[in-house]
Amino acid sequence: MKALVSIITVNYNGLRDTCEMIDSFRSRETYPRYEIIVVDNGSRLPEAEEIQERYRDNPVPGGSLSGSPVSFPPVKVVRNINNGFAGGNNAGLKAAAGDYLFFINNDTLIKEPVLDALVRRIKSDSPRNGGVSPMLKFAARPDTLQYAGFTPLSPVTLRNTAIGFMQQDSPRFRIPRETASLHGAAMMVSRRALQDAGTMSEVYFLFYEELDWSAQLRKAGYRLWYEPAAVVYHKEGMTARRGSPTREFYLSRARMLFARRNLRGIGKYLSCAYLCILAAPKKAAVYLLHGQVALAKATICGTCEGIYKNIRTA
């Protein structure tokens with residue numbers, strides 16, 4: 001019997017996207033044992049009730065790739081406060097029964113099955129393989145990559161590169177490889193790795209959660225993989241709009257928190273000094289030169305909160 005996969009997604013004022021994601025799995029996924037758990041993070045409208053009602057009945061006529069009727073378990077809906085990306089996913093974990101946990105953004109969809117390839121990648125060396133992310137493409141530009149693995153973060157500036165980002169899909173991106181970090185838009189971990197590394201830290205609220213969690217998984221002795229045999233399409237950027245003060249605040253805050261939580265010795269102090277003395281002031285100055293006062297303020301405020309935020313219990 002195939003292992004059970006729990007698909008966990010967080011909904012926040014994103015009913016349409018969430019339903020499109022669920023429908024794509026119900027119509028395209030052929031893996032025989034999976035459950036879908038939707039965590040509603042305090043949406044303004046009663047979206048949790050709408051999702052629960054919409055997916056209450058099992059039969060989905062013509063829902064399979066073959067066009068024959070298929071029965072699915074009802075979607076599990078978890079009502080939660082808005083305690084961020086990690087908080088929402090951790091709330092979903094409490095309802096998850098799977099041997100493998102697949103965390104996926106609600107603004108994604110699939111066009112072909114993905115679960116079997118991801119499970120097989122972890123099981124290919126199950127004592128050491130702890131997590132895997134699929135190839136990610138932009139939904140609006142389906143021939144363009146968003147993610148084909150991450151390079152390691154640089155030790156002081158905490159910069160990395162998403163391999164393949166904004167490049168055309170080609171054979172060189174279709175080779176599985178170890179990756180420094182999983183991608184938060186779609187990442188599967190084994191139950192065993194979760195138990196050893198712990199859940200995602202909720203200190204971030206937005207951004208860097210998957211980088212932090214990837215670091216914890218590696219510290220626990222696990223390898224992380226990029227698997228191009230599975231492809232997920234990402235609509236991108238529905239939660240915090242690019243160029244918004246909210247996004248800039250949480251990004252600046254998250255970088256400092258990551259340095260404080262994950263770096264050691266002199267490297268931690270060098271990185272924190274770089275972020276608060278060089279990187280944040282320079283970025284704020286550029287925003288001010290372009291008349292973007294709110295973005296400049298968000299950069300400085302986010303960095304300052306990252307310095308003083310209590311991380312001992314996170």
Side-chain angles (χ1 to χ4, degrees), residues 10-14 17 41-45 80-90 105-107 138 146-147 150 153-162 165-166 181 183-185 200-215 234-263 266-314:
V10 177
N11 176 75
Y12 178 66
N13 302 322
D17 284 329
N41 256 15
S43 296
R44 290 188 296 269
L45 298 175
N80 194 43
I81 61 172
N82 187 10
N83 57 351
F85 175 82
N89 280 301
N90 288 341
N105 278 16
N106 72 317
D107 63 336
F138 291 102
Q146 182 184 21
Y147 168 88
F150 276 130
L153 288 164
S154 55
V156 174
T157 61
L158 298 182
R159 294 180 179 177
N160 70 343
T161 300
F165 181 73
M166 293 302 292
S181 302
H183 197 293
M200 279 182 267
S201 171
E202 297 182 22
V203 70
Y204 292 96
F205 192 78
L206 278 178
F207 305 116
Y208 274 70
E209 295 97 337
E210 73 272 26
L211 299 179
D212 185 282
W213 202 27
S214 294
H234 192 194
K235 299 174 189 176
E236 178 69 34
M238 299 299 292
T239 303
R241 182 172 52 85
R242 287 185 177 275
S244 71
T246 297
R247 187 178 192 276
E248 193 56 58
F249 173 85
Y250 282 110
L251 268 175
S252 300
R253 177 180 181 271
R255 289 189 188 101
M256 183 62 72
L257 290 172
F258 184 91
R260 291 176 58 208
R261 278 178 50 85
N262 293 282
L263 302 184
I266 189 66
K268 177 191 287 189
Y269 297 104
L270 287 174
S271 184
C272 290
Y274 166 79
L275 291 172
C276 67
I277 297 173
L278 293 176
K282 178 182 177 181
K283 195 171 190 180
V286 171
Y287 282 139
L288 287 173
L289 286 173
H290 289 84
Q292 297 172 307
V293 177
L295 291 174
K297 181 179 178 181
T299 300
I300 298 300
C301 290
T303 301
C304 289
E305 181 161 321
I307 294 171
Y308 295 108
K309 175 76 174 178
N310 180 14
I311 61 172
R312 290 186 181 275
T313 58

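Atoms considered below: every heavy atom in the structure, side chains included; atoms not considered: hydrogens, waters and symmetry mates. Start at 1 with the first residue, then count along the sequence.
A distance of 10.0 Å separates CG of N90 from CD of E209, quoted to the nearest 0.5 Å. Here the CG atom belonging to N11 is positioned 11.5 Å from the CG atom belonging to N80, to the nearest 0.5 angstrom. Note that CG of N83 is 10.0 Å distant from CG of N89, once rounded to the nearest 0.5 Å.
Not counting sequence neighbours, the partners of F150 by the ring-ring contact (aromatic ring centres under 6.0 Å, His included) test are Y147, H183. With sequence neighbours left out, Y274 forms a side chain to side chain donor-acceptor pair (under 3.5 Å) with R159. In this structure, Y204 has no ring-ring contact (aromatic ring centres under 6.0 Å, His included) partners at least two apart in sequence or on a different chain. In this view, R253 and E305 satisfy the salt bridge (charged side-chain N to carboxylate O under 4.0 Å, His left out) rule, not counting sequence neighbours. Remark: Y208 engages F258 in a ring-ring contact (aromatic ring centres under 6.0 Å, His included) (not counting sequence neighbours).
In this structure, the side chains of R255 and F207 stay at 4.5 Å or more apart for every pair of heavy atoms. A 4.5 Å side-chain heavy-atom check between N106 and Y12 finds every atom pair outside the cut-off.
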* To do: Take C272 and M256, measure what side chain to side chain contact (heavy atoms under 4.5 Å, CB included) needs, and give me the verdict at the end.
  => CA-CA 6 Å; C272 290; M256 183 62 72; 3.7 Å; yes
* Could you go step by step and tell me if F85 and N41 meet the side chain to side chain contact (heavy atoms under 4.5 Å, CB included) rule? -> CA-CA 9 Å; F85 175 82; N41 256 15; over 6 Å; no
* Asked: What do the steps show when you test D212 against M200 for side chain to side chain contact (heavy atoms under 4.5 Å, CB included), and what is the final call?
  -> CA-CA 8 Å; D212 185 282; M200 279 182 267; over 6 Å; no
* Show the numbers, then the answer: is there a side chain to side chain contact (heavy atoms under 4.5 Å, CB included) between L211 and L158? => CA-CA 11 Å; L211 299 179; L158 298 182; over 6 Å; no
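Residues S252 and T303 approach most closely at CB-OG1, 3.6 Å, considering heavy atoms. Smallest separation of non-hydrogen atoms from S271 and A259: OG-CB, 3.7 Å.
For R260 (side chain) and K309 (main-chain N/O), a donor-acceptor pair under 3.5 Å exists by modelled atom type. Between the side chain of N13 and the backbone N or O of R44 there is at least one donor-acceptor pair closer than 3.5 Å. Between the side chain of D107 and the main chain of E236, a donor-acceptor pair closer than 3.5 Å is present.
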Please tabulate, for the side chains in residues 285-298, all donor-acceptor contacts under 3.5 angstrom to protein atoms that are two or more places apart in sequence or on a different chain.
residue : atom : partner : partner atom : Å
Y287    : OH   : E248    : OE1          : 2.8
H290    : ND1  : V286    : O            : 2.8

